[in-house]
Engineer: 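Provided herewith is a single structure, encoded as structure tokens, for subsequent inquiry.
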Amino acid sequence: MPNFDIVSSFQDQAWLADKKEKLDRKMRYAVEKARQTPWIPYTTDGKNWKENRIGWWTNGFWPANMWQMYRMTGAEIYREEALRAETMLDEALRDFKNLSHDVGFMWLIQSGVRYALEKNQESYDRTLFAAETLAGRYNSNGFIRAWNGQGREGWAIVDCMMNLPLLYWATEETGDPRFRQIAMKHADTTIAHFVRPDGSCNHIVIFDAETGEFLDNPGGQGYESGSSWSRGQSWALYGFVLSYLHTGAQRYLDTAKRVANYFISQIADDWMPRCDFRQPAEPNLKDNVAGNVAACGLLELARALPELEGKFYFDAAIRILKAQEADAADWKLEDPAIFQKCTSAWHDEPGRHITMTYGDYYFIEAINKLSGDPLLFWYPNK
Ligand code: GLY
């Protein structure tokens with residue numbers, strides 16, 4: 001039986017055309033606003049991009065937004081802005097000791113993509129350097145260290161599943177299996193210690209850095225220990241699909257389905273993920289990033305499965321995209337960002353229902369997927 005085809009199955013071409021037109025208008029405005037600042041965009045104050053430091057982990061998403069828009073429109077303005085941000089990010093690359101596990105988000109989806117499209121040596125070098133940095137964070141007890149700082153030597157987080165494609169890329173480019181081996185060890189540890197039997201996930205797991213013994217699972221950006229931070233669930237969902245696509249290992253596909261089934265079961269009322277699926281009823285905090293990441297993961301999951309099974313995940317992805325867009329997308333040319341209900345962390349009050357470039361990123365990625373784009377950004381050498 002053939003795999004599910006997300007492009008021919010998407011019937012609502014008017015919706016798609018409308019979103020592309022709105023995205024091009026809004027993103028041109030966002031670029032104009034970005035060029036008035038010396039920093040890489042992350043979040044807004046309702047009118048302008050706010051100041052942002054160069055080492056901030058989301059900074060690859062802005063140039064990745066530009067490459068997605070370039071794929072969508074072919075407009076040179078987006079490519080130019082991507083290159084401007086890529087060059088700015090060299091300052092963060094030089095300061096490598098302050099980088100975290102998030103180097104995949106920072107370089108694969110922009111320098112890695114540029115290299116795939118243009119074969120320029122500088123972008124290749126940046127991406128491989130980032131991969132070496134990520135591999136260097138591996139603890140031989142089977143996990144990649146997440147953050148820096150004394151006392152955090154044994155901390156791993158579920159978000160790292162989305163940085164593993166950088167390691168798969170490095171093996172595919174260089175032929176050296178070490179990168180893929182590290183990625184698979186980390187993915188296996190994530191199955192063993194993060195993903196619970198019901199498909200929900202821990203955000204953080206703290207291991208003894210010397211012995212690898214499990215020590216604790218604090219709530220992290222979610223509500224509390226044992227709760228279910230929706231963005232963490234979406235990182236696991238998409239991350240396991242990507243590990244399956246890069247390795248062909250069935251256990252990663254099975255885990256992606258387990259997390260996806262749980263995710264869908266938590267949002268089937270209105271298709272808009274709360275910040276934490278186990279948060280109190282009030283405040284009713286949403287997280288548009290979780291929804292858009294999950295939608296991209298569900299679309300790739302659908303593409304990896306036979307028709308009937310794929311359709312189930314495809315339908316869920318479309319419902320999420322449409323529900324969140326109707327509820328929280330701002331297409332006016334005032335705020336340069338689109339999605340207005342992104343939440344940084346449940347306990348971070350100023351970070352509730354704000355804008356984030358990566359919330360917008362995954363919506364654009366989903367629109368390009370529905371228009372026929374291959375999985376370029378997390379798989380640039382495919
Ligand atoms: N910890 C990365 C995130 O906010 O998703």
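Heads up: numbering here begins at 1 and tracks the sequence. Just the heavy atoms: all of them, side chains too, but no hydrogens, waters or symmetry mates, feed the values below. Just follow the structure's listing: the first ligand is 1, and inside any ligand the first atom is 1.
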Engineer: Report yes or no: do S228 and D276 form a side-chain donor-acceptor pair below 3.5 Å?
Structural biologist: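 Side chains of S228 and D276: no pair found under 3.5 Å.
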Engineer: Heavy-atom contact check, 4.0 Å cutoff: does W229 meet ligand 1?
Structural biologist: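 It does; at least one heavy atom falls under 4.0 Å.
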Engineer: Before we go on, tell me: are the rings of F105 and W57 under 6.0 Å apart, centre to centre?
Structural biologist: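 Yes, the ring of F105 comes within the 6.0 Å limit of the ring of W57, centre to centre.
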Engineer: Which ligand 1 atoms are under 4.0 Å away from a heavy-atom of Y358?
Structural biologist: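 Reading through ligand 1 atom by atom, the close ones are 3 (C), 4 (O), 5 (O).
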Engineer: Does any N or O of ligand 1 fall below 3.5 Å from an N or O anywhere on W235, backbone included?
Structural biologist: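 Yes, at least one N or O pair falls under 3.5 Å.
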Engineer: For the residue pair K119 and Y115, would you count it as a cation-pi contact if the rule is NZ or CZ under 6.0 angstrom from the ring centre and within 45 degrees of the ring axis?
Structural biologist: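 The answer is yes, since K119 meets both limits relative to Y115.
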Engineer: S344 to ligand 1: N or O pair under 3.5 Å?
Structural biologist: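 Such a contact does not occur with ligand 1.
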Engineer: If you measure from each non-hydrogen atom of W147 to ligand 1, which part falls under 4.0 Å: side chain, backbone, both or neither?
Structural biologist: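 For W147, there is no contact with ligand 1 at all, from either part.
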Engineer: Among T44, N48, D335, which residue satisfies the side chain to side chain donor-acceptor pair (under 3.5 Å) criterion with K33?
Structural biologist: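 Single pass found, and it is N48.
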Engineer: Under a 4.0 angstrom heavy-atom cut-off, which atoms of ligand 1 come close to D159?
Structural biologist: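 In order of number, 1 (N), 2 (C), 3 (C), 5 (O).
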Engineer: Just checking, R352 and W346: is the charged tip under 6.0 Å from the six-membered ring centre and within 45° of the axis?
Structural biologist: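 Flagged: R352 positioned over aromatic ring of W346.
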Engineer: Show which atoms of ligand 1 fall inside a sub-4.0 Å distance from at least one heavy-atom site of R231.
Structural biologist: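 Under 4.0 Å from R231, ligand 1 has these atoms: 3 (C), 4 (O), 5 (O).
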Engineer: Assess K322 against W15: is NZ or CZ under 6.0 Å from the centre of the six-membered ring, and within 45 degrees of the ring's axis?
Structural biologist: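 Yes, K322 lies over the aromatic ring of W15.
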